[in-house]
Amino acid sequence: MGQAWDFASVFANRDALIAGAIGSLRLFAICLVLGLGMGLVVGLGRYARTLWINIPAAIFVEFFRNTPVLVQILWFYFALPILMPFEISPLSAAALGISLNTAAFSADIYRGGIQSIERGQWDAARAIGMSWGQAMRRIILPQALKRMTPALTNRAIEAFKMTTLASAVAYVELLQQGKLIASLNFNPIEAYTAIAVIFFVILWPLVQLTYALERRLKRSE
Amino acid sequence: MSILRVRALTKRFGANEVLRGIDVDVARGERIAILGVSGSGKSTLLRCLNFMELPTSGRVEIDGKPIGSERGKSIVYRENELAAVRQKAGMVFQQFNLFPHMTAIGNVMEGLITVRRQSKPEARARAERELARVGLADKAETYPAHLSGGQKQRVAIARALAMDPEVLLFDEPTSALDPELVGEVLTVIRSLAEEGRTMLLVTHELGFAYHVATRVIFLSDGLIHEQGTPDEILKNPKAERTRAFLASHRQFSF
């Protein structure tokens, strides 16, 4: 089958692609801060021995780990406004879905990282009179975060790829713009190839950075 | 007056009764060596004195002040009360437990800055003095990973000293060290003894206990089995178990 590649028609729509890239990055930035931030709170909750903190945190993690992000985004966008007296923008719906999913997965990373710190570190911190919070902030978390960095970077990469799900509610991001270009120019092959290449070009250096980080952490242990 | 009073202290982990009723008074300046076979409750006793473990029952008084408040039959311990107690009873661990992400001086300054809210220059000056006292002034900027075991333990001692503890608790401070590094740590501990500091020391170094301790306590099955001066306990023990313990420790001496 002879396919005449026509990337000129994609390039002609570069303004739309740039707008899409900005949309993707904006959504990603929101999800990264919200997701990893909430993840820390939930992860600390999972670590707590108090049951009325531990159990809700566990339910949160299990719920959002075991439901598809796409379903959550659609639910927040189409179902929530029926139940609640307010409209929700495509950006908010997508940010909510991806952030909650990222929070659920990163919560387990935080919990595992905190648990990996030796008991003796807690002992030493408490022995000089530190409270639980002081020990966590000054002694445990700095060490745990270092160990968690590779896993958290992985989560960040996943979150970036998940931003394409926002196209389901017509949020202007890369995939949404690709769809638009494909439908206007009847060039789905070129349009979607271009989108994939853009993602690869943004993510590949990030992934290399993770590898470098992992190597550096191994050396310093 | 005694700096530390322990009355009917017990500690249970599940069905395992580790301490079965300890009474002890520690006078200011006393140096008590605690001996006993492993599992006799030595470390647990030490950890109950600074409330790293909460006693199952019994009372601990520090400086005449009972710790915890009675609520019916049980005793309730508030977290900030215990944090204050732990500063009075500094602890040195078998495994050193230095903070690996901080330099030697960072380790010593940490309590002063985070707990005591001292300014950085003030904390640094104090930490420098404590490091010099344990002979490590030149290692201030070194991370624990680059220190020998003996040096790590001396930093840990400096870290405890920086908080101005009234009692020092040593939990087998030389057990994790290579034999050639034991001496430098014991020398530091002896210099603290000579300053007249109050200390309780769980140790297997009988010779050190003999020369440095003012009193020796032999624990067995969670109870004080025998106690007295180093001469009484280490040279002329009366109880059969104490004799057996000392004999097994001296099996290969020459």
Distance-only polar pair, side chains of B:S57 and B:T10, donor-acceptor under 3.5 Å: yes
Pairwise side-chain contact, A:D123 with B:M52, heavy-atom cut-off 4.5 Å (strictly under): yes
Modelled atom types, side-chain donor and acceptor of A:S116 and A:R147, under 3.5 Å: yes
Side-chain heavy-atom pair B:K42, B:E172 within 4.5 angstrom cut-off: yes
Side-chain donor-acceptor contact under 3.5 Å, B:N50 with B:R86: no
Side-chain heavy-atom pair B:D25, B:L4 within 4.5 angstrom cut-off: no
Interface residues of residues 64-84 of chain A facing chain B - non-hydrogen atoms under 4.5 Å apart: none
Any B:V108 side-chain heavy atom under 4.5 Å of B:L161 side chain: no
Beyond-backbone contact of A:S131 with B:N80, side-chain heavy atoms, under 4.5 angstrom: no
Pick from A:Q134, A:M130, A:R138 with the largest number of heavy-atom pairs that fall under 4.5 Å of chain B: A:R138
Part of B:F99 within contact of chain A (heavy atom distance under 4.5 Å): both
Region of B:L98 in contact with chain A, defined by heavy-atom distances below 4.5 Å: backbone
Within the 6.0 Å centroid threshold, strictly below: A:F199 and A:F160: yes
Contact winner vs chain A - B:E79, B:Q95, B:R159, B:M91, heavy-atom pairs under 4.5 Å: B:R159
Side-chain heavy atoms of A:S106 within contact of A:L152, under 4.5 Å: yes
Close side-chain approach of B:P144 to B:V155, heavy-atom, < 4.5 Å: no
Region of B:F51 that comes under 4.5 Å of a non-hydrogen atom in chain A: backbone
Contact listing (chain A partner; residues 58-66 of chain B; heavy atom under 4.5 Å): none
Donor-acceptor side-chain pairing of A:S92 and A:S89 below 3.5 angstrom: yes
Heavy-atom side-chain contact between B:L192 and B:R133 under 4.5 Å: yes
Heavy-atom proximity to chain A below 4.5 Å, by part of B:R47: side chain
Contact winner vs chain B - A:G129, A:G120, A:A125, heavy-atom pairs under 4.5 Å: A:G129
